[in-house]
Every structure is written in C-alpha cells, then in structure tokens.
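Below is a structure I'd like to ask you about.
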Amino acid sequence: MNIPFFELKRQAKILKDEILKELEKIIDSCEFSLGSAVEEFERNFANYLNVKYVIGLNNGTSALHLAMRALDIKEGDEVILPSLTFIATAWCVSYVGAKPVFVDVDEETWQISPEDVKKKITKNTKAIIGVHLYGQPFDIKKIMDIAKEYNLHLIEDCAQAHGAEYYNKKVGTFGIINTFSFYPTKNLGSYGEAGAISTNDENIANRIKILRNQGQIKKYEHIEIGYNMRMEGFQGAVLNVKLKYLDKWNNRRIEIANRYLNEIKNPKIAFQKLVEGSKGVYHLFVIKVKDRDKFVSHLEKFKIGYAFHYPKPIHLQKAYSFLGYKEGSLPITEELTKTTISIPIFPELTDEEVDYIIKALNEY
Ligand SMILES: Cc1ncc(COP(=O)(O)O)c(C=O)c1O
C-alpha cells in the first residue's frame, strides 16, 4: 500500500459534476466577484454556525487582517497569539503596525496556554488571537475570562476548525470577530483562495464589508483606506455545494481519529488531548513520537505520507527575528516542533488504509 498524506483528487472526482453545474450558473450570470452565490454562502454559513453575520473574503489571511483593521489595532498596540500556528495568524498584527506577542501552548492540549497569556499582558495589549489548532478548540472559557478581565478583544482563528464545537456551540461564535480560511485543503475548501469572517456585531460586519470593497460606502465614495478582498463568485458557488457535505466529512474525520486514538497502542506515541467540552474536527491528526527521525524512516518504509505542523515556531522565524526571541523562550512549543508529526487523516481515506496505518504505527 502507498498512502498519501492528503489527496484532494479523491473528493474532487466525486463532486465534479455537481460543482460544474454551479460554476456554469456563475458563467451565465457573470457574477464573478461577490454576487448572489457569495451572498447565499454568507447566509448558509451564518446559519450553519448560528451567528448573525458572515462576510466572504478572498482568503483567511485577509480575514485576519480585516479583523485587526475593524478593531482599530495599530502601531503601539500588542496582540497576544500562540507561536504554534500557521504564520498568517501573526502577519495580521504586523500588517497594521502592531506588535505580535507570542505565547506558549499547553503541554497536553497543545493549544494556547491561558497561564502564559496572563503573564504576557501589558498595558499595551489590545487583543488575543486564539487558534483552534489542528481543528480542535482551544480553551475558550479560560481565554474568554481573561479577555473580559483585562478588557481585551478575542479573535478566534478558525481556519482549521470549520464545524468544531465547544459545549455544543460552533467555534467562530465566541470572539468579537472570528476568521476562516477556505484554502482548498481545509475541512471546507474552495477551488482557489477564499476566506470569511463571522461576527454577531452589526457595526463590525458593516465595517468589514466596506474594508473588503476598497473602503467604499457606495460606488466611488471611499470613506477609509480599504482593500480588494472580495470573495469570487466561483468560490461562493463551490462553497455552497461543499457546505452541505461538511458535517458528513467531519464525522468521517472524527471516526478515523477515534480509531487512531483507540487502536494505536504504542508507548512511543502520544496524542493531543482535547480541551474539556470540546468537539474537534481533526483537520490534522498530529502525534508526538519518540525519536522522530526513526519514526519518519518507519513511515517511509511503510509508504505512509506525513507532514510537520509546524517544523519551526513563528517566534524563531527569520521574519520575526527583530522581536528578539531566542531558543528557549517558549519551551513547550519548541519541543513540540521537534517531536510531533502529522499522519494521514481525510474523509476519503478507506477503512483498509486506516487499518494499515494503525498496524504500521503499532509496529513502531
Ligand atoms: C491557522 C491558520 N490561520 C490562517 C491561515 C491563512 O489562511 P489562507 O491560507 O486562506 O490565507 C491558515 C491557513 O492557511 C491557517 O491554518
């Protein structure tokens, strides 16, 4: 057997005819930028999340950027976020001239550490960005309590966690603004680039709509410096089709994850622990292994794909060297980047492939 880490083609093949029909409608209507398919997706995804507003954007990085703009975060402000995430979570802070302040993760859940957040708050702190890492919710209650106590904004980065829940409520409904990516490989992925924000705040929703569309309040009336961050009609059409399958796909991911959790019985392999009250959707299945190089050779021998999330923490990236973080600044994050590895998890994995992976991991 030869099992890829991820193979989008399996899903694309199943959906091809259904998607083509919807793309044809966009061609006929010529609603290529925003338009009725995007509006329909905004309504559908808002209903799915149970949130008042969803605004469709061109990608998840823009969603984070607009979150910073809509909250008026600027030079001199600090924003707290985990270092164990995709770099875009940090970029948004830098885009508005503010300072990202990186915090460590919890040793067991690998999610943003509430204790470390508390330690890093200063008089300049304006917001906390929590990331639902690998599709599993962070400790929303603890982080929300801190945000309330210190009067900080909370932003949820839900790029990896479409459909994940915390005490039966979807993620993307707790923060003042929450951001999504629909990059093709995500649990809900477009056929190109796309993203969105969700919020219950009408003023923020209106501001984001203006910012995504060149700062226009009406045609050629620009009330503030804006961007072209509109979602494309094609992406709205694709996402409307795919949203109908999201729960089914997530349930299959959970089923595979539960098999891994129950059937991989190897003292050399440890798992990410879920935060109490949370339902993860396993965008990634990341394990911690003894002697990672040896484990990689083992996977290669069995022809099982793998990846690293992430091989280098953000606080040690060259782009952020000016902030002065050194090796040892965030010890748990640094250790995880050296000891964890992601194994295949996607809805179209067959039971036979899952059996094979479990067997191979038990033999390590
Ligand atoms: C946690 C996280 N935040 C932000 C992003 C950025 O989203 P995009 O690639 O759509 O710009 C991604 C994914 O790519 C991500 O995984």
Side-chain angles (χ1 to χ4, degrees), residues 1-16 19 84-87 110 133-136 159-164 181-192 242 245-246 248-274 280-313 333-364:
M1 225 182 261
N2 191 346
I3 306 176
F5 173 66
F6 180 64
E7 192 173 41
L8 198 50
K9 279 185 185 162
R10 295 189 194 183
Q11 190 197 75
K13 212 168 135 190
I14 299 167
L15 294 180
K16 190 168 175 184
I19 299 257
L84 190 63
T85 175
F86 182 63
I87 192 96
W110 310 344
L133 194 68
Y134 311 143
Q136 282 61 266
Q160 306 181 355
H162 320 73
S181 162
F182 305 114
Y183 186 72
T185 59
K186 300 292 197 239
N187 288 31
L188 179 60
S190 61
Y191 281 11
K242 291 184 71 174
Y245 297 96
L246 178 59
K248 187 178 137 201
W249 289 331
N250 279 343
N251 286 338
R252 174 65 181 154
R253 286 175 184 271
I254 292 167
E255 185 178 47
I256 296 168
N258 284 336
R259 286 205 56 199
Y260 287 160
L261 291 166
N262 293 324
E263 296 175 41
I264 298 171
K265 290 188 164 65
N266 186 332
K268 296 193 201 102
I269 297 172
F271 303 110
Q272 179 186 23
K273 201 172 152 218
L274 282 179
V281 291
Y282 297 96
H283 173 57
L284 296 169
F285 198 90
V286 181
I287 56 176
K288 187 172 165 183
V289 294
K290 265 217 170 84
D291 196 346
R292 191 170 68 176
D293 290 342
K294 217 167 116 194
F295 186 77
V296 163
S297 312
H298 185 75
L299 289 182
E300 284 174 353
K301 195 176 94 196
F302 280 82
K303 298 196 166 55
I304 295 172
Y306 60 89
F308 300 115
H309 298 94
Y310 294 88
K312 194 189 238 191
T333 296
E334 289 164 28
E335 205 237 344
L336 289 171
T337 57
K338 291 178 194 131
T339 53
T340 58
I341 182 162
S342 308
I343 59 170
I345 192 160
F346 53 97
E348 298 77 20
L349 268 184
T350 66
D351 287 342
E352 293 68 38
E353 287 172 323
V354 176
D355 290 342
Y356 180 87
I357 293 167
I358 291 167
K359 189 165 176 289
L361 268 62
N362 280 331
E363 281 174 23
Y364 173 61

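Position 1 is the first residue of the sequence; numbering continues from there.
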V286 vs I341 side-chain heavy atoms within contact, under 4.5 Å
no
On a heavy-atom basis, the closest approach of T350 and R252 is C-NH2, 3.7 Å
Separation between CG of N251 and CG of L246, rounded to the nearest 0.5 Å:
9.0 Å
Does the side chain of P4 come within less than 4.5 Å of K9's, by heavy atoms?
no
Go through it in stages, so that I can follow the logic: the residues are F295 and T339, the test is side chain to side chain contact (heavy atoms under 4.5 Å, CB included), and I'd like the CA-CA distance, side-chain angles, deciding distance and then a yes or no.
CA-CA 10 Å; F295 186 77; T339 53; over 6 Å; no
CG (L349) and CD (E7) are apart, to the nearest 0.5 Å, by 9.5 Å
Would R253 and I256 count as a side chain to side chain contact (heavy atoms under 4.5 Å, CB included) if you check the C-alpha gap in whole Å, the side-chain angles of each, and the deciding distance to 0.1 Å?
CA-CA 5 Å; R253 286 175 184 271; I256 296 168; 5.9 Å; no
To the nearest 0.5 Å, what is the distance between NZ on K359 and CD1 on I304?
10.5 Å
Would a distance-only check, ignoring hydrogens and angles, find a side-chain to backbone donor-acceptor pair under 3.5 Å from S190 to F182?
yes
Before you tell me yes or no, could you show the steps for N266 and L361 under side chain to side chain contact (heavy atoms under 4.5 Å, CB included), namely the whole-Å CA-CA distance, both residues' side-chain angles and the distance that decides it to 0.1 Å?
CA-CA 7 Å; N266 186 332; L361 268 62; 5.7 Å; no
What's the separation between atom CD in Q160 and atom NE2 in H283, rounded to the nearest 0.5 Å?
5.0 Å
Charged tip of K268 within 45° of Y364 ring normal and under 6.0 Å
yes
Quick check for you: to the nearest 0.5 Å, what is the distance between I287 atom CD1 and Q272 atom CD?
12.0 Å
Side chain to side chain contact (heavy atoms under 4.5 Å, CB included) between Y191 and L8, worked out:
CA-CA 11 Å; Y191 281 11; L8 198 50; over 6 Å; no
What are the two closest non-hydrogen atoms of A360 and F302, and how far apart are they?
CB-CD2, 3.6 Å
Pi-cation contact, F308 with R292 (under 6.0 Å, within 45°)
yes
Nearest heavy-atom approach of H162 to K186 is CE1-CB, 3.6 Å
Test your reading of the model: is there a side-chain donor-acceptor pair from K288 to the backbone of L336, 3.5 Å cut-off?
no
Do other residues, nucleotides or ligands put more than 12 heavy atoms under 6.0 Å from the OH atom of Y183?
no
N-O pairing of K338 and E334 below 4.0 Å
no
Report yes if the side chains of Y310 and T333 come closer than 4.5 Å at any heavy-atom pair, otherwise no.
no
What is the ring orientation for W249 with Y245, classed by angle as parallel under 30°, tilted 30 to 60°, or perpendicular over 60°?
parallel
Closest non-hydrogen atom pair, G305 against P344:
O-CD, 3.3 Å
Determine the interplanar angle of the F6 and F346 rings, folded into 0 to 90°, and report it as parallel if under 30°, tilted if 30 to 60°, perpendicular if over 60°.
perpendicular
Do the ring planes of F271 and F285 sit parallel (below 30°), tilted (30 to 60°) or perpendicular (above 60°)?
perpendicular
Please report the closest heavy-atom contact between K303 and M1, naming both atoms and the distance.
CB-O, 3.5 Å
Check G135 against A164 and note the closest heavy-atom contact, atom names and distance.
O-CB, 3.6 Å
Gap separating the OG1 atom of T340 from the NE2 atom of H309, nearest 0.5 angstrom
9.5 Å
Mind checking whether L261 and N258 have side chains closer than 4.5 Å, heavy atoms only?
yes
